[in-house]
Amino acid sequence: MTNFARRPLVRAAALLLLAIATLPAFAAEKPRLRVDDYLIDAEITPRTHRLAARVRVKFTALDDINTAVFELHNALHPSKVEDASGHVLSVERVTQDSTIRIPLPAALPKGESTTLTVDYDGALVSGDDSPVPGLKLAYIGDDTSYLLYAGRWFPVSGYGVNRFTATINLTAPYGVTVIGSGKSSMSAVSAAVAAAPKAAPPAKGARGRAAPPSPPAPPPTAAGGPARTVHTFVWDKPSFPGTIIAGNFVETAATPGGVNLHLYFKPNHKDLASAYADTAGREFQYFSLLYGAAPSATIKIVEIPDDTVPSAWAPEIAAVASRSISEKTNYRLLANAIAHQWWGVSVSPVNREDFWLVDGFARYSEARYIENAAGQQAFEEGIKDISVGALAYDNIPLSGVGKLDPFSPEFQSLTTDKGAMILHMLRWIMGDGPFTNAMHNFATRFAAKPASLEDFRLVCEQALGGNVRLSGFFNQWLDSTGAPEFKNKYTVYRTKNGFRVVGQISQDLDLFRMPVELKIDTDGKSEMKRIEVSGTDSPYSVDTFGKPRRINIDPNNWVLKNSGELKVRTAILRGQQLVQQGDLAEALRQFQQALEANKNSSLAHYRIAEVFFLQRNYQSAANAYRESLNGDGEPRWTEVWSHIQLGKIYDITGQRDRATNEYRQALQTNDDTQGAQEEARKYLSAPYQRERKEGLGD
């Protein structure tokens with residue numbers, strides 16, 4: 001997985017998440033309890049990959065309950081559970097759904113609250129026992145440890161929906177930098193004190209929640225300094241503060257535009273911190289103008305390893321993978337992670353069906369920043385990328401995602417990309433001004449609160465004023481599947497004042513209704529007309545002064561629609577996901593399906609070549625890379641990387657002269673997508689050597 005990220009990506013910010021193996025679909029269950037607060041005492045031992053923790057969880061019954069159920073990483077094993085009175089309770093581990101079930105000593109009536117204290121430990125090494133099989137979301141190691149909220153390294157209920165407060169005391173080896181959410185403090189302890197973290201009975205603070213524990217005074221230490229350090233993080237506003245990252249980092253602080261910015265990069269990336277700080281500062285300020293104040297003026301940009309998700313977020317934290325930290329700042333991925341401070345940390349979904357209000361909103365925020373920073377053409381390319389993901393699984397309605405696993409490719413495509421496209425189309429329906437006002441009003445009105453589709457719809461209708469109703473628009477795009485594929489038939493007539501185009505727009509969705517832009521290129525200037533398309537056939541008549549030469553439906557891609565190009569790209573996307581799941585045969589079938597739609601697709605040939613390269617079928621790989629070079633050249637980066645990959649094949653097969661020729665041709669393209677020029681120079685200087693365990697594209 002980590003090696004694949006070096007290849008040029010169609011959707012760099014989301015591909016790894018989309019590549020996770022699909023889990024069985026399940027019905028979203030109504031939550032029966034709500035976690036209110038955590039007091040977590042945890043210790044990490046990087047040398048042995050171990051986590052030991054004691055967690056006091058305060059929760060409220062949403063129904064009469066006899067058993068408390070929490071998600072917990074399968075590699076972590078509960079050893080003791082106590083109720084609020086200190087009585088020891090039994091606990092059942094259910095590995096099928098990564099949960100623990102704790103029978104309560106007495107039924108807890110609806111609306112009543114209580115606490116449980118859970119002791120557990122285990123080794124966090126691989127993704128085998130992860131809540132998302134095969135994906136490391138919680139790991140402890142010498143270089144970097146990451147405990148992501150999604151890794152369920154503490155007992156979790158209502159993932160992504162249940163907002164909570166937390167005090168986290170993490171004991172780590174002396175000298176390790178630890179990053180978390182909220183007010184922080186640090187104190188040194190001896191090895192003996194740190195060995196068995198204990199949570200003292202919490203004192204009650206304001207509003208009845210647990211007050212932060214006072215850090216212990218530094219004990220006498222042995223020669224050479226204290227053995228361990230306790231890092232305390234307090235987040236007292238309900239949100240999702242359950243992410244901790246620890247390791248050897250170089251911290252860089254900056255205050256661009258009043259933003260309290262801290263960057264935690266690995267030593268080999270410390271020189272890039274300034275550029276990333278400038279970009280992060282601009283993005284934070286841009287989103288602040290769009291959506292109002294963030295939950296906190298502090299943001300921590302953290303480098304995480306390549307063996308986990310490409311990005312992660314938590315209150316005050318935007319984490320990005322190492323591969324995305326280069327001289328060419330990955331401002332798109334960074335913008336997406338930072339946008340989650342508004343969409344996720346502040347506004348959160350009421351239930352799983354509303355996840356698109358977080359992931360789709362962050363994705364479209366990324367696109368809007370592209371528009372602001374790189375211009376209209378870059379924005380339109382970004383929208384095309386989003387359209388590909390939105391159509392990748394167009395047989396499932398967005399309103400039905402509650403039955404899917406949150407990390408499945410279907411869930412990710414629908415909530416992230418189709419959610420973003422719904423916002424893009426809504427912007428076209430409403431107009432820039434009302435849409436921007438609605439987004440700002442929604443962000444401020446539901447700050448620090450959960451929100452639903454209905455909440456968002458009402459805010460949008462209020463921004464439009466009058467008696468405008470948007471229920472039909474939302475029903476169409478959330479409850480239905482598929483997208484229109486427009487066809488246009490027209491006749492041009494000469495008139496007294498110029499010309500008249502009489503035509504009909506056809507598409508195959510009977511219930512479809514949307515305004516669609518029509519661009520008519522004439523001998524003079526182009527004419528733009530807004531046509532109401534309703535049903536399968538929609539007639540129109542447009543007068544022009546100059547003679548019409550060409551008519552283009554929806555030239556600015558405001559509407560999610562099918563086309564030959566998108567069919568190719570969606571098949572390729574599904575194939576890429578199958579490659580990551582290890583199903584190479586089915587992946588090749590998807591790539592062949594793309595070629596059936598466009599036999600000259602350079603991208604499809606390139607992806608086929610990657611699979612053959614992975615299989616060490618070098619002759620077939622070389623043939624496919626040549627086909628990519630002889631194809632339509634879309635996207636442009638396929639040329640430079642096909643030459644580089646051919647060079648690697650020639651190096652592997654002992655043909656150094658032919659290899660150097662390919663590397664030189666790669667340099668002559670002047671295309672530096674994903675560091676292509678440096679890669680070509682590297683292997684021009686020294687032959688490529690196949691790694692013992694090679695990943696896709698190596």
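Formation of a donor-acceptor pair under 3.5 Å by the D278 side chain with backbone atoms of G281 is not found in this model. Here the side chain of W342 pairs no donor or acceptor atom with the backbone of G344 at under 3.5 angstrom. Within the 3.5 Å criterion, the main-chain N or O of Y393 finds no donor-acceptor partner in the side chain of S413. Counting only distance, with no hydrogens or angles, the side chain of T308 and the backbone of K136 share a donor-acceptor pair below 3.5 Å. Without hydrogens or angle criteria, N441 side chain to N437 main chain gives a donor-acceptor distance under 3.5 Å. Remark: side-chain polar atoms of R152 are paired, donor with acceptor, to backbone N or O of A150 under 3.5 angstrom. At distances below 3.5 Å, not a single donor-acceptor pair connects side-chain atoms of T165 with backbone N or O atoms of W235. For Y286 (side chain) and A335 (main-chain N/O), no donor-acceptor pair under 3.5 Å exists by modelled atom type. Between the side chain of S239 and the main chain of V345, a donor-acceptor pair closer than 3.5 Å is present. In this structure, the side chain of D306 engages the main chain of R323 through a donor-acceptor pair within 3.5 Å.
Test V234, V230, I40 against N169 for side-chain contact (heavy atoms from CB on, under 4.5 Å) and you get one pass: V230. Just one of I325, L261, T252 meets the side-chain contact (heavy atoms from CB on, under 4.5 Å) condition when paired with Y276; it is I325.
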Check against ring-ring contact (aromatic ring centres under 6.0 Å, His included), H73 and F154: CA-CA 8 Å; H73 196 294; F154 59 94; over 10 Å; no
Are T243 and Y146 close enough, and set up right, to give a side chain to side chain donor-acceptor pair (under 3.5 Å), and what steps lead you there? CA-CA 8 Å; T243 290; Y146 50 88; over 6 Å; no
Residues S181, K300; criterion side chain to side chain donor-acceptor pair (under 3.5 Å); working and verdict: CA-CA 9 Å; S181 304; K300 303 165 187 176; over 6 Å; no
Go through E303 and S322 one step at a time and tell me if the side chain to side chain donor-acceptor pair (under 3.5 Å) criterion holds. CA-CA 6 Å; E303 178 178 348; S322 292; 2.6 Å; yes
Apply side chain to side chain donor-acceptor pair (under 3.5 Å) to the pair T60 and D36, showing each step before the final yes or no. CA-CA 7 Å; T60 300; D36 301 310; 2.6 Å; yes
Going through the distances and angles, do W343 and Y291 end up as a ring-ring contact (aromatic ring centres under 6.0 Å, His included)? CA-CA 10 Å; W343 312 116; Y291 308 133; 5.0 Å; yes
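A 4.5 Å side-chain heavy-atom check between D41 and V55 finds every atom pair outside the cut-off. At least one side-chain heavy atom of L404 sits under 4.5 Å from a side-chain heavy atom of E410. Residues I299 and N260 have side chains not in contact (no heavy-atom distance under 4.5 Å, counting atoms from C-beta outward). Contact of the L51 side chain with the E43 side chain is not registered, since no non-hydrogen atoms from C-beta on lie closer than 4.5 Å. In this structure the side chain of F473 reaches within 4.5 angstrom of the side chain of M425, judged on heavy atoms. D455 has its side chain within reach of F446: a pair of non-hydrogen atoms, C-beta onward, lies under 4.5 Å apart. Looking at T115 and V57, their side chains never come closer than 4.5 Å, going by heavy atoms from C-beta outward. Proximity of L458 to F442: side-chain heavy atoms (C-beta onward) are nowhere separated by under 4.5 Å.
Closest non-hydrogen pair, V459 versus A438, comes out as CG1-O, 3.4 Å. For A166 against D37, the heavy-atom pair with the smallest separation is N-OD1, 3.8 Å.
Below 30°, between 30° and 60°, or above 60°: for F456 and F361 the angle between ring planes is above 60°, a perpendicular geometry. Note: F355 and Y159 have tilted aromatic rings, judged against thresholds of 30 and 60 degrees for the angle between ring planes. The aromatic rings of F474 and W356 are tilted relative to each other, their planes meeting at an angle between 30° and 60°. Aromatic ring pairs are classed by plane angle as parallel below 30°, tilted from 30° to 60° and perpendicular above 60°; the pair H340 and W313 is parallel.
In this structure, CD1 on I304 lies 6.0 Å from CD1 on I245, to the nearest 0.5 angstrom. The structure places CD of E283 at 12.0 Å from CD of Q341, a figure rounded to the nearest 0.5 Å.
Residues passing the side chain to side chain donor-acceptor pair (under 3.5 Å) test with S348, sequence neighbours excluded: R163. The salt bridge (charged side-chain N to carboxylate O under 4.0 Å, His left out) check on R457 picks up E454, E461, with sequence neighbours excluded. Under the ring-ring contact (aromatic ring centres under 6.0 Å, His included) criterion, Y331 pairs with no residue at all, not counting sequence neighbours.
A salt bridge links D143 with K266; the closest basic N to acidic carboxylate O contact falls under 4.0 Å. Remark: R54 does not engage D121 in a salt bridge, criterion side-chain N to carboxylate O under 4.0 Å.
For K110, the NZ atom counts as loosely surrounded, since its 6.0 Å shell holds 12 or fewer non-hydrogen atoms of other residues, nucleotides or ligands.
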